[in-house]
Amino acid sequence: MAGNLAGLLSPKDPNNSNTGLILGVQYAQYARFDADFRYRYNMSPTITWANRIMTGFGIPYGNSNTLPYLKQYVAGGSNSIRAFQSRTIGPGDYHDSSGSEAQKFIANQTGDIKIELNTELRAKFSSIINGAIFVDAGNVWMYKYADNYGEGSIFGKDFLKQMAVGAGIGLRLDFTYLVLRLDLATPLRKPYLPENERWVINKIDFGSSDWRKENLVLNIAFGYPF
């Protein structure tokens with residue numbers, strides 16, 4: 001929790017009685033709750049089933065309409081939903097349709113609430129080479145402030161309809177002191193498409209260079225994602 005003590009001690013903005021200031025600067029007020037559940041099951045000496053459920057819930061109040069930027073949640077990337085680039089999912093059904101080059105390389109989509117689910121079947125082929133198949137799902141949402149992303153970005157009863165889903169295969173080189181991980185993934189469900197068109201499994205076309213360029217995401221990272 002943040003901002004409660006400041007709220008008791010700071011004066012109100014003379015131009016806005018609902019806003020508190022410290023040395024003339026507005027401070028943030030919010031509560032944030034996080035939970036991370038993990039379960040691993042050894043199916044055999046060489047096969048492990050690994051799972052994770054990650055949730056985060058931010059409640060801005062008082063001075064704040066949203067969580068501070070550094071406290072907000074993001075989705076996508078090598079340790080999240082690997083079929084999407086980092087910070088390109090959500091919040092909710094939001095999508096930047098500008099098509100600008102800056103958006104492709106400097107995505108910046110964040111939210112106050114996050115739900116993420118990951119499941120991964122890991123196989124050990126040798127002392128160094130490991131493989132995996134995985135499915136990731138999740139999204140981020142705004143708690144109440146829709147000005148930046150639209151009403152579809154607010155967390156509500158339809159949140160399950162706004163979940164992004166991706167799947168892929170992975171190769172891991174385990175050098176004991178260091179694990180080099182390569183995960184190749186593709187979206188199965190895109191939450192920003194019209195509601196009856198979000199599942200895109202039937203559009204998978206590995207023979208199309210345009211499809212591969214738009215939908216295949218290669219993640220290169222160190223260590224396991226969870």
Side-chain angles (χ1 to χ4, degrees), residues 1-39 51-96 103 106-119 136-166 189-193 195 198 225-226:
M1 302 185 72
N4 290 337
L5 181 59
L8 293 174
L9 301 177
S10 64
K12 295 295 183 181
D13 183 346
N15 298 316
N16 184 348
S17 61
N18 294 321
T19 301
L21 303 174
I22 294 181
L23 299 178
V25 178
Q26 182 176 331
Y27 55 87
Q29 288 182 294
Y30 65 91
R32 200 181 95 155
F33 309 90
D34 298 275
D36 189 320
F37 304 93
R38 304 186 184 200
Y39 174 74
N51 304 272
R52 177 177 66 177
I53 300 175
M54 178 189 298
T55 61
F57 200 89
I59 304 174
Y61 60 89
N63 270 358
S64 302
N65 289 319
T66 69
L67 266 61
Y69 175 74
L70 292 178
K71 296 296 184 179
Q72 286 187 309
Y73 301 99
V74 299
S78 61
N79 292 321
S80 181
I81 306 168
R82 287 161 280 184
F84 298 83
Q85 300 287 354
S86 179
R87 298 174 181 265
T88 61
I89 302 175
D93 62 10
Y94 173 80
H95 182 59
D96 186 334
Q103 166 62 17
I106 316 177
N108 196 29
Q109 295 161 217
T110 60
D112 300 325
I113 298 168
K114 178 176 182 176
I115 298 176
E116 185 175 312
L117 306 96
N118 314 90
T119 185
D136 306 315
N139 204 333
V140 296
W141 294 266
M142 302 304 294
Y143 178 69
K144 62 179 180 179
Y145 188 71
D147 287 10
N148 293 337
Y149 300 109
E151 291 296 331
S153 67
I154 302 296
F155 184 82
K157 61 182 178 62
D158 293 330
F159 75 95
L160 287 176
K161 297 179 181 179
Q162 298 174 336
M163 297 284 275
V165 181
R189 195 171 195 275
K190 299 179 178 180
Y192 49 80
L193 294 178
E195 188 172 328
R198 290 175 181 173
F226 55 91

- Task: Report the C-alpha separation of W141 and D93 in whole Å, then their side-chain angles, then the decisive distance to 0.1 Å, and conclude whether the side chain to side chain contact (heavy atoms under 4.5 Å, CB included) test is met.
- Result: CA-CA 9 Å; W141 294 266; D93 62 10; over 6 Å; no
If every non-hydrogen atom of [X] is compared with every non-hydrogen atom of [Y], which pair is closest and at what distance?
X	Y	result
A28	S64	CA-OG, 3.3 Å
L160	R189	O-NH1, 4.1 Å
Y61	I59	CD2-O, 3.5 Å
Q29	N63	OE1-N, 2.9 Å
A146	S153	CA-OG, 4.2 Å

Side-chain H-bond candidate by donor/acceptor type, [X] with [Y], under 3.5 Å:
X	Y	result
Y73	D34	yes
T119	N51	yes
Y192	N139	no
E116	S80	yes

- Item | Chi angles and distances behind the side chain to side chain contact (heavy atoms under 4.5 Å, CB included) call for R32, F57 | CA-CA 6 Å; R32 200 181 95 155; F57 200 89; over 6 Å; no
- Query: For atom CZ of F155, is the number of surrounding heavy atoms from other residues, nucleotides or ligands below 6.0 Å larger than 12?
  - Reply: yes
- Test side chain to side chain contact (heavy atoms under 4.5 Å, CB included) on M142 and T66 and set out the steps. CA-CA 8 Å; M142 302 304 294; T66 69; 3.5 Å; yes
Backbone of [Y] reached by a side-chain donor or acceptor of [X] within 3.5 Å:
X	Y	result
K190	A164	no
Q162	P191	no
R52	D36	no
R198	K161	yes

- Query: Once you round to the nearest 0.5 Å, how far does CD1 of I115 lie from CE of M163?
  - Reply: 6.0 Å
- Query: What distance do Q109 atom CD and I89 atom CD1 have between them, rounded to the nearest 0.5 Å?
  - Reply: 9.0 Å
Would you check if [X] and [Y] make a side-chain contact, meaning some heavy-atom pair closer than 4.5 Å?
X	Y	value
Q72	D112	yes
Y149	T110	yes
Y30	K71	yes
M54	N118	no
Y143	P60	yes

- Is there a side chain to side chain contact (heavy atoms under 4.5 Å, CB included) between K114 and T55 once you walk through the steps? CA-CA 5 Å; K114 178 176 182 176; T55 61; over 6 Å; no
